[in-house]
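In what follows, chains carry the letters A, B, and so on, assigned in the order in which the sequence lines appear, proteins first and then strands, with residues in each chain numbered from 1.
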Amino acid sequence: DAKTTQPPSMDCAEGRAANLPCNHSTISGNEYVYWYRQIHSQGPQYIIHGLKNNETNEMASLIITEDRKSSTLILPHATLRDTAVYYCIVRERSNDYKLSFGAGTTVTVRA
Amino acid sequence: NAGVTQTPKFRILKIGQSMTLQCTQDMNHNYMYWYRQDPGMGLKLIYYSVGAGITDKGEVPNGYNVSRSTTEDFPLRLELAAPSQTSVYFCASSYSGDVSYEQYFGPGTRLTVT
């Protein structure tokens with residue numbers, strides 16, 4: 001899988017938008033960008049994924065730059081329950097089924 | 001839908017004991033996976049299955065066995081438990097193995113081997 005780079009931690013105020021950056025400068029044309037999060041002591045939770053276009057679902061928005069070398073996950077109205085480790089993962093088309101979680105970004109939402 | 005469920009939530013085993021971790025999904029997903037997560041580390045794939053009756057090894061299969069007799073269930077068997085198997089075990093499922101399909105995870109089983 002292509003390597004991703006995320007900041008180790010960030011704080012966010014409750015009710016404000018949280019913008020989580022991810023660099024994936026070696027991404028190739030058929031690799032997807034995935035975001036998962038892991039709330040303390042729970043299983044990883046799927047958030048969103050995309051290939052080229054920006055994506056939005058009930059949880060978040062994913063903005064992918066035109067050159068695909070970076071992306072931003074946006075949590076529009078962060079709540080205390082959004083405090084978690086957020087993982088940006090690039091998945092390539094292959095027979096490798098595993099999800100490779102890096103260190104992620106620890107997001108702390110403060111009241 | 002309950003999604004992916006796992007039992008038990010916690011377990012303490014003595015060295016040399018055996019146990020089965022249960023995993024069930026109700027999303028009619030063909031693909032199922034077992035991962036382990038050691039403290040402060042990422043997930044490692046133990047075994048996976050692409051459908052009933054078909055299983056294959058992941059990155060760290062030694063000391064484990066799996067079976068897939070139904071679409072819904074994918075139990076993980078630990079034989080002769082060792083302290084190195086102390087970990088959190090997550091089961092996951094997906095509709096397809098293609099990278100365009102997301103994997104959904106269960107809540108995990110926390111296993112301690114002493």
Legend entry - Value rounded to 0.5 Å, distance of OH in A:Y87 from CG in B:L43: 7.5 Å
Inset, instruction - Under 4.5 Å heavy-atom distance to chain A, tell me which part of B:V4 shows up: side chain, backbone, both or neither. - result: neither
Legend entry - Heavy-atom neighbours of A:R16 CZ exceed 12 at 6.0 Å: no
Legend entry - Worked verdict on A:L99 versus B:Y33 for side-chain contact (heavy atoms from CB on, under 4.5 Å): CA-CA 10 Å; A:L99 285 173; B:Y33 316 83; over 6 Å; no
Inset, instruction - Give the cluster check for B:Y31 versus B:Y47: same hydrophobic cluster or not, with ILVMFWY residues linked at side-chain heavy-atom distances below 4.5 Å. - result: no
Inset, instruction - Would you indicate whether B:M27, at its atom CE, is surrounded by more than 12 heavy atoms from other residues, nucleotides or ligands within a distance under 6.0 Å? - result: yes
Legend entry - For B:R110 against A:Q42, the heavy-atom pair lying closest together: NH2-N, 3.8 Å
Inset, instruction - Counting only heavy atoms closer than 4.5 Å, note whether B:Y101 contacts chain A via side chain, backbone, both or neither. - result: backbone
Legend entry - B:Y89 reachable from A:Y36 in the ILVMFWY side-chain graph, under 4.5 Å edges: no
Inset, instruction - Find the one option among A:S41, A:G102, A:A103 whose heavy-atom pairs under 4.5 Å with chain B are most numerous. - result: A:S41
Legend entry - Other residues, nucleotides, ligands: >12 heavy atoms within 6.0 Å of B:I12 CD1: no
Legend entry - Hydrophobic cluster membership, A:I74 vs A:M59, 4.5 Å side-chain cutoff: no
Legend entry - Shortest non-hydrogen contact from A:P44 toward B:F105: O-CB, 3.2 Å
Legend entry - Over all atoms of both residues, closest heavy-atom pair of B:Q103 and A:Y46: O-CB, 4.0 Å
Inset, instruction - Can you tell which part of A:Q45 gets under 4.5 Å to a heavy atom of chain B, answering side chain, backbone, both or neither? - result: neither
Inset, instruction - Please look at B:Q6 and chain A and tell me whether the side chain, the backbone, both or neither of the residue comes under 4.5 angstrom of a heavy atom of that chain. - result: neither
Legend entry - Listed partners of B:Y104 passing side chain to side chain donor-acceptor pair (under 3.5 Å), at least two apart: B:E102
